[in-house]
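Fair warning: this is a prediction, and the values are worked out from it, not measured in the lab. We count ligands from 1, going down the list as the structure has it; atoms in each ligand are counted the same way.
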Amino acid sequence: MTKLDESYWTDRYHSGKIGWDIGYPSTPLKNYIDQLEDKSIRILIPGAGNAYEAEYLHMSGFSNVTVIDISKAPLAQLSAKCPEFGKEYIIHGDFFEHKGQYDLILEQTFFCAITPDLRPGYISKVHELLMAGGKVVGVLFDVELNVDRPPFGGHRAQYLPLFEAAFDLAVFEPCHNSIPPRQGSELFINCVKR
Ligand SMILES: C[S@@+](CC[C@H](N)C(=O)[O-])C[C@H]1O[C@@H](n2cnc3c(N)ncnc32)[C@H](O)[C@@H]1O
């Protein structure tokens, strides 16, 4: 299998092969963001890519939003689009090596971008980065996809034991407000760190 390293992802951005990039904040995440009242919470978006949700959070007055991506290419776009987004909140690096403490981690098409053998490590890393009571919220594909390259698919029954081991699952159900091309193929998750 191709190594999914920085150069793999940067090549995808430079060649414009970014089929995952919808160009706007996705409806399930946007609706979740819209009902958050405390705009000072510490939010992390791992594998943020072009980070439309981060831009939306910023425009909505959230003051502590961090994005991390292994590729510099989309992060440079975010800085260019949103110059007032603090540089210290735009991190070029590997999520699995990131250190920090957050109240909320937002997930969208990062979990499906890592090889399935890294999923337990994703869950333990998310757990480590969250405060007690912190949440990972977002969408996961609930459908068979590729087995040799991203996006990697999977199903609710496979994900449940991984998340249940460390989180209380407030929501882990079919997503009712996915964007049209993803309707019927996503779960919405809201998992609270135990
Ligand atoms: C499928 S894209 C999704 C981007 C964005 N979440 C979206 O919905 O448009 C996966 C992203 O994860 C990044 N990525 C892959 N492995 C990573 C890692 N170990 N740490 C941080 N970012 C990573 C890639 O560079 C890419 O931007």
Name the option, out of Leu118, Asp69, Ile22, Thr10, that contains the heavy atom nearest to atom 13 (C) of ligand 1. Asp69
Heavy-atom closest pair, residues Ala113 and Pro150: O-CG, 3.8 Å
Identified side chain to side chain contact (heavy atoms under 4.5 Å, CB included) counterpart of Val139 within the set Ile179, Asn177, Leu29: Leu29
Decide if the gap between the ring center of Phe111 and the ring center of Phe141 is smaller than 6.0 angstrom. no
Counting from 1 in the order shown, the ligand 1 atoms closer than 4.0 Å to a non-hydrogen atom of Asp94 are 18 (C), 19 (N), 20 (N)
Does only the side chain of Tyr13 get under 4.0 Å from ligand 1, or the backbone, or both, or neither? Count heavy atoms. side chain
Test Asp103 against every option in Arg42, Lys135, Lys193 by the salt bridge (charged side-chain N to carboxylate O under 4.0 Å, His left out) rule and name the one that passes. Arg42
May I ask whether Pro151 has any heavy atom positioned less than 4.0 angstrom from an atom of ligand 1? no
Measuring from the heavy atoms of Ala48, does anything fall under 4.0 Å of ligand 1? yes
Ligand 1 atoms nearer than 4.0 angstrom to some heavy atom of Gly93 are 20 (N), 21 (C)
For ligand 1, find out whether one of its N or O atoms is nearer than 3.5 Å to an N or O atom of Phe95. yes
So is Ile70 polar-close to ligand 1, meaning N/O to N/O under 3.5 Å? yes
Quick check: Asp21 and ligand 1, any N/O pair under 3.5 Å apart? no
Taking distance alone, with N or O pairs closer than 3.5 Å, would you say Ala113 contacts ligand 1? no
Might you point out which heavy atoms bring Gly153 and Tyr159 nearest each other, and give the distance in Å? C-OH, 3.8 Å
Take Ser71 and Glu6 through the test side chain to side chain donor-acceptor pair (under 3.5 Å) and record every step on the way to the result. CA-CA 5 Å; Ser71 171; Glu6 177 176 0; over 6 Å; no
Are Phe188 and His176 close enough that their ring centers fall under 6.0 Å? no
